[in-house]
Amino acid sequence: QVQLVESGGGLVQAGGSLRLSCALSGGPFNWYSMAWFRQAPGKEREFIAAIRPSGTLTYNFDSVRGRFTISRDNAKNTVSLQMTSLKAEDTAVYYCAANAGLQLRTSADPYDYWGQGTQVTVSS
């Protein structure tokens with residue numbers, strides 16, 4: 001069974017950086033398009049970025065324009081999210097997700113597997 005485990009969250013000051021990682025086990029990593037979502041208290045889960053096995057990617061530019069970068073290492077079965085210039089409004093639980101297929105989905109429903117989430121708190 002496919003499992004996703006996130007790491008790298010924590011507390012950071014505004015303007016700082018964090019790198020989140022997500023490891024996939026129990027399945028062939030190159031079958032899955034991977035994505036990052038986040039959910040702040042009282043808000044809906046929000047799409048951040050997604051990447052195909054080939055490396056083609058897409059972002060929610062309104063939220064993370066120029067500040068976040070998604071990448072994947074198919075040899076290590078990991079997907080990462082490099083976050084820079086963090087703002088207080090980036091505070092949320094961050095989730096990675098896997099979708100079996102090659103389409104870059106920007107809504108949560110199509111994703112087959114989810115990690116447990118990692119908390120990112122940005123202090124102002």
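Positions are given from 1 along the sequence.
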Trainee: With a 4.5 Å limit on heavy-atom distance, are the side chains of C22 and L4 in contact?
Mentor: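 Counting from C-beta outward, C22 and L4 do come under 4.5 Å.
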Trainee: Is it true that, when you exclude Q119 itself, more than 12 heavy atoms of the residues, nucleotides or ligands shown sit nearer than 6.0 Å to its CD?
Mentor: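 Correct, the count exceeds 12.
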Trainee: To the nearest 0.5 Å, what is the distance between OG (S80) and CE (M34)?
Mentor: 10.0 Å
Trainee: Looking only at non-hydrogen atoms, find the nearest pair between A14 and S124 and report the distance.
Mentor: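 That closest heavy-atom pairing would be CB-CA, 4.2 Å.
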Trainee: Does Y95 share a hydrophobic cluster with V122, counting links as ILVMFWY side-chain heavy atoms below 4.5 Å and allowing steps through other members?
Mentor: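 Per the 4.5 Å side-chain linkage, Y95 and V122 are not co-clustered.
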Trainee: So, for V2 and G27, which heavy atoms are closest and what is the spacing to 0.1 Å?
Mentor: CG2-CA, 4.1 Å
Trainee: Would a 4.5 Å heavy-atom cut-off, applied to side chains only, mark D90 and M83 as touching?
Mentor: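 Not touching, per the 4.5 Å side-chain cut-off.
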Trainee: Could you give the distance from OH (Y32) to CG (N74), rounded to the nearest 0.5 Å?
Mentor: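 It comes to 13.5 Å.
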Trainee: Between atom CZ of R38 and atom OG1 of T91, what is the distance when rounded to the nearest 0.5 Å?
Mentor: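 So the CZ of R38 and the OG1 of T91 are separated by 9.0 Å.
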Trainee: For the CG atom of L20 and the CD1 atom of I70, what is their distance to the nearest 0.5 Å?
Mentor: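 Between L20 CG and I70 CD1, I get 10.5 Å after rounding to 0.5 Å.
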Trainee: Measure up the Y94 and F68 rings against each other and bin them: parallel (under 30°), tilted (30 to 60°), perpendicular (over 60°).
Mentor: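 Tilted: the ring planes of Y94 and F68 meet at 30° to 60°.
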Trainee: Please report the shortest heavy-atom distance between E46 and N60, naming the atom on each side.
Mentor: OE2-ND2, 3.7 Å
Trainee: Any non-hydrogen side-chain atom of E6 less than 4.5 Å from a side-chain atom of Q116?
Mentor: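 Yes. Closest side-chain heavy atoms under 4.5 Å.
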Trainee: Do the side chain of R45 and the main chain of F37 share a donor and acceptor less than 3.5 angstrom apart?
Mentor: no
Trainee: Is the closest side-chain heavy-atom distance between F47 and L104 below 4.5 Å?
Mentor: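 Contact flag for F47/L104 side chains = no.
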Trainee: Roughly how far apart are S33 OG and R72 CZ, rounded to 0.5 Å?
Mentor: 6.5 Å
Trainee: Nearest heavy-atom pair of S123 and L11: which atoms, and what distance?
Mentor: CB-CD1, 4.3 Å
Trainee: For residues S25 and N77, determine if any side-chain heavy atom of one lies less than 4.5 Å from a side-chain heavy atom of the other.
Mentor: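 No, every pair of side-chain atoms sits at 4.5 Å or beyond.
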Trainee: As an exercise, state the distance from CZ of R52 to CD of Q103, rounded to the nearest 0.5 Å.
Mentor: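 These two atoms lie 8.0 Å from each other.
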Trainee: Do you know which two heavy atoms are closest between Y111 and A35, and how far apart they sit?
Mentor: OH-CB, 3.3 Å
Trainee: Among the clusters formed by ILVMFWY side chains lying less than 4.5 Å apart, do Y113 and L81 turn up in the same one?
Mentor: yes
Trainee: Closest heavy-atom contact between S71 and R19?
Mentor: OG-NH2, 3.8 Å
Trainee: Indicate, with yes or no, if V79 and V93 share a hydrophobic cluster defined by side-chain heavy-atom contacts under 4.5 Å among Ile, Leu, Val, Met, Phe, Trp and Tyr.
Mentor: no
Trainee: Consider only side-chain heavy atoms of I, L, V, M, F, W and Y, link residues closer than 4.5 Å, and tell whether L57 and I48 are in one cluster.
Mentor: yes
